[in-house]
Amino acid sequence: MKILVIGGSQFVGRAFVTEALARGHAVTTFNRGISAADLPGVEAVRGDREVPADLERLVAGRHWDAVVDTCGYVPRVVGEGARLLSGHADAYLYVSSLAALRGWGVDPSVDDASPAHDCAPDAGPDDGDYGVLKAGCERAVTRHFDGRTLLFRAGVITGPYDNVGQLDAWLWRLRTAEGARRRVLAPGNPDLAMRVIDARDIAAFGLRCLDEHRTGPFVVASPEGHTTYGEWLAACAAATGTEPELAWVDDAFLLGHGVTPWTDLPMWIPDAPEHVCMWATPATRAEAAGLVCRPAAETVRDTWAVLRDRPLPELPLVNTHGHRSGLAADRERELLTAWDARQRPAAPASRT
Ligand SMILES: NC(=O)c1ccc[n+]([C@@H]2O[C@H](COP(=O)([O-])OP(=O)(O)OC[C@H]3O[C@@H](n4cnc5c(N)ncnc54)[C@H](OP(=O)(O)O)[C@@H]3O)[C@@H](O)[C@H]2O)c1
């Protein structure tokens, strides 16, 4: 196949490019050349998807079997690109999000058939939050590639070159779990199920779907039983070669001490029905169509292999979108001290 990847130099796009090249496809990437270098072996076209003249230069004289769009956030922008591309590509795979689904994160029954948020296909950046706008982007793509669109509603994605930083932050923290820092604050419930998915598995599944001319929406997440929070941290320790003492601190304590779920302790959500359904959405249609997810420990190990020779960063990590991941060492120490004080039995009353 001839494939155009919009993005293509970073994380999910990079995973698509790597997988496509390995399968012998011809790949064009389209990006501004700001975030990262393009992979060898691609035809790299420089441009900004928000600039119509750049898109016109991209499509001139080219035709692709499929477009893979990994960086679409604003319906109006995605729609304008899809309009221009519609005569130059046969299919369009749009990487969307579970957040596009109405009820996701609060309703445990959300699945492949759930409706997306209401959002116009020509909405602008201020017309909704991330999930609402992703729903508008889905409509924008479908408007121009009707019957030729794949919508991947992805859950939490991680893996090598993850540019969010959540797994990276855990790996760096576990790497330092020696000596005075051996004791690591671990959040909530070690049995909490996590259906995190490796970007490389999304890419492999996407290319398979394009090969098989599949269309329509797919929830894309790992299967039930994929991993738990306890297994995840154990995998981080194994990958980095440390033997931490994990101090599992309960949700109420953490919330009561102002710890922010998801960011301060990456991927931690309080273990309550209205939150855990963030991890519960089943990928039924994708599994039936052949989605295969590698073991979580492999994702963790391969991600560490990319990081291990980099200089040790301070936590929290802050990515280019301003997303924070991890606790500063002082803050973690302070929380552990407060946790120990809370658990210490009261001194017996004096008899004198
Ligand atoms: N991470 C998760 O857990 C998660 C979960 C669900 C869904 N998703 C979805 O997964 C998708 C992929 O995420 P990601 O983090 O890999 O993507 P990303 O950071 O949004 O995309 C980065 C890529 O897009 C290019 N790019 C950015 N702005 C551009 C522009 N204006 N014109 C042309 N190229 C541009 C970048 O290169 P240049 O900067 O060089 O242009 C880079 O190659 C996103 O759509 C996201 O909504 C992510």
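We count ligands from 1, going down the list as the structure has it; atoms in each ligand are counted the same way. Below, each value reflects all heavy atoms present in this structure, side chains not excepted, and no hydrogens, waters or symmetry copies. Keep in mind that what you see is a predicted model, and the values were worked out from it rather than measured.
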Those atoms of ligand 1 less than 4.0 Å from some heavy atom in [X]:
X	value
Ser9	37 (O), 42 (C), 43 (O)
Val95	9 (C), 10 (O), 11 (C), 45 (O)
Gly155	5 (C), 6 (C)
Ile34	38 (P), 39 (O), 40 (O)
Gly47	32 (N), 33 (C)
Gly8	43 (O)
Val156	3 (O)
Arg49	30 (C), 31 (N), 32 (N), 33 (C)

Between [X] and [Y], is there a side-chain N and carboxylate O pair less than 4.0 Å apart?
X	Y	answer
Asp340	Arg183	yes
Arg76	Glu80	no
Asp38	Arg46	yes
Arg182	Glu178	no
Arg333	Asp330	yes
Asp107	Arg102	no

Heavy-atom pairs closer than 4.0 Å: do any link ligand 1 to the side chain of [X], the backbone, both, or neither?
X	value
Asn163	side chain
Val164	side chain
Arg14	neither
Ala199	neither

Hey, would you say the [X] and [Y] ring centroids sit under 6.0 Å apart?
X	Y	answer
Trp268	Tyr229	no
Trp304	Trp172	yes
Trp279	Trp232	no
Phe218	Phe205	yes

Among protein heavy atoms, which lies nearest [atom], and at what distance?
atom	answer
atom 23 (C) of ligand 1	Gly7 CA, 3.8 Å
atom 34 (N) of ligand 1	Asn31 CA, 3.4 Å
atom 7 (C) of ligand 1	Ser96 O, 3.3 Å
atom 26 (N) of ligand 1	Cys71 SG, 3.7 Å
atom 45 (O) of ligand 1	Lys134 NZ, 2.7 Å
atom 36 (C) of ligand 1	Ser35 OG, 3.7 Å
atom 11 (C) of ligand 1	Thr70 O, 3.2 Å

Considering both backbone and side-chain atoms of [X], is one of its nitrogen or oxygen atoms within less than 3.5 Å of a nitrogen or oxygen in ligand 1?
X	answer
Ile157	yes
Ser97	no
Gly33	yes

Apply side chain to side chain donor-acceptor pair (under 3.5 Å) to His117 and Asp129, showing your working. CA-CA 10 Å; His117 287 290; Asp129 64 15; 5.4 Å; no

Heavy atom to [atom], shortest distance: which of [options] holds it?
atom	options	value
atom 18 (P) of ligand 1	Phe11, Tyr94, Tyr73	Tyr73
atom 31 (N) of ligand 1	Asp48, Val220, Val12	Asp48
atom 29 (C) of ligand 1	His321, Gln10, Arg32	Arg32
atom 46 (C) of ligand 1	Tyr130, Phe152, Tyr161	Tyr130

Closest non-hydrogen atoms of Glu287 and Arg195, given as atom of the first, atom of the second and distance, are OE2-NH2, 4.2 Å

Verdict with supporting geometry, Cys293 and Ile197, side-chain contact (heavy atoms from CB on, under 4.5 Å): CA-CA 7 Å; Cys293 293; Ile197 186 163; 3.9 Å; yes

May I have the step-by-step check of side chain to side chain donor-acceptor pair (under 3.5 Å) for Glu138 and Ser96, ending in yes or no? CA-CA 7 Å; Glu138 292 185 356; Ser96 186; 2.7 Å; yes

Taking side chain as C-beta onward, heavy atoms only, is Leu246 less than 4.5 Å from Leu233? yes

